[in-house]
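Okay, structure first, notes after.
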There are 2 protein chains.
Amino acid sequence: MEVKEFYSTEEKQLARFAKALSHPVRIYICDLLSKQTCCYSGDLAEEVPIARSTLSQHLKELKNAGLIQGEITPPKIKYCLNKENWAMAQKLFTEFFK
Amino acid sequence: MEVKEFYSTEEKQLARFAKALSHPVRIYICDLLSKQTCCYSGDLAEEVPIARSTLSQHLKELKNAGLIQGEITPPKIKYCLNKENWAMAQKLFTEFFK
DNA sequence: CCTTCGTTTCGTAATTTTACGAAATACGAA
DNA sequence: TTCGTATTTCGTAAAATTACGAAACGAAGG
């Protein structure tokens, strides 16, 4: 028997997006990706003052939250916003603050 | 000598707000407060499926992030949105997703 | 003054997050 | 196939988050 969920899908999804954005470097990355179309992990690594492995973890979290996606273009990996989910996040936040 | 900050004030502030909103119960609380004007910790405790002490911790986090404020009206405490910071969060998120 | 009510703080535990360097992986080029 | 480049995963450690119940607290009422 399923325990009844207290929180709505929207609430959980919004919290999930918020969590993905709860670190300055992830804000920075998304901001960059929303301005230019895409970027490479390596290019980011040169800008951002953290280890590459740590950056990779942050990218993974954004990816898990669905906000970005990575496209392999050997030997690099090109990251872009996931437009669909980005729009959904935008909508959820807009609703929330309305 | 101050180490130069990599992240801008806006980035850090946005991450801070996002962090405050990164848990469903805190989304729930803010949502409630944005719809009705105010509410009491006790009333929340009856709705929400967590211990009162845990709820108190969540309220504290929202307060620390500046999103809500508590007003003592003995023997209860009335919580409201902090309108000024709420507007700021709204603006930062709107900018961010634009 | 002592009790009660509403709430928060304390003590504690389990889990998650953040961070790093070393090692592993994937792929194209030599 | 071996090398070099780009990136991720692993192993690890420190710190933060989330959760609970018990205890403490502050103000009003008896």
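Throughout, protein chains are lettered first and strands after them, A, B, ... in sequence-line order, and every chain is numbered starting at 1.
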Quiz item: Expressed in angstrom and rounded to an integer, what is the separation of A:Lys78 atom NZ from C:dC27 atom P?
Solution: 17 Å
Exercise. Just call it for B:Lys19: base, sugar-phosphate, or nothing, with non-hydrogen atoms closer than 4.0 Å on any strand.
Key: sugar-phosphate
Exercise. Heavy atoms under 4.0 Å is the rule here; annotate nucleotides 19-25 of chain C 5' to 3' with B where the base is hit, S where only the sugar-phosphate is, and - elsewhere.
Key: BBBB---
Exercise. Report yes or no: does B:Thr94 contribute a side-chain atom to a donor-acceptor pair with the main-chain N or O of B:Gln90 at less than 3.5 Å?
Key: yes
Exercise. Return the value, rounded to whole Å, for the distance between atom CD1 of B:Ile27 and atom P of D:dT18.
Key: 12 Å
Self-check item: Spacing between B:Leu44 atom CG and C:dT8 atom P, to the nearest angstrom
Solution: 10 Å
Quiz item: Out of C:dT8, D:dT9, D:dT8, which nucleotide sits closest to the side chain of A:Lys60?
Solution: D:dT9
Exercise. Please state whether the rings of A:Tyr28 and B:Phe6 are parallel, tilted or perpendicular, taking 30° and 60° as the class boundaries.
Key: tilted
Self-check item: Ring-ring centroid check B:Trp86 A:Phe96, cutoff 6.0 Å
Solution: yes
Quiz item: When the distance from OH of B:Tyr28 to P of D:dT18 is rounded to whole Å, what number comes out?
Solution: 19 Å
Quiz item: How close or far is atom C1' of D:dT7 from atom CD of A:Gln69, stated in whole angstroms?
Solution: 18 Å
Quiz prompt | d(CD, B:Glu71; P, C:dT8) in whole Å | solution = 14 Å
Quiz item: Going by heavy atoms in the side chains, are A:Cys80 and A:Leu33 under 4.5 Å from each other?
Solution: no
Quiz item: Tell me: CD1 of A:Ile29 to C1' of D:dT7, nearest whole Å?
Solution: 14 Å
Quiz prompt | Rounded distance in Å - CG (B:Leu62) to P (D:dT17) | solution = 13 Å
Practice problem: Answer whether the closest heavy-atom distance between the side chains of B:Leu32 and B:Gln36 falls below 4.5 Å. | Solution: yes
Quiz item: Do A:Phe93 and B:Phe97 have their ring centres less than 6.0 Å from each other?
Solution: yes
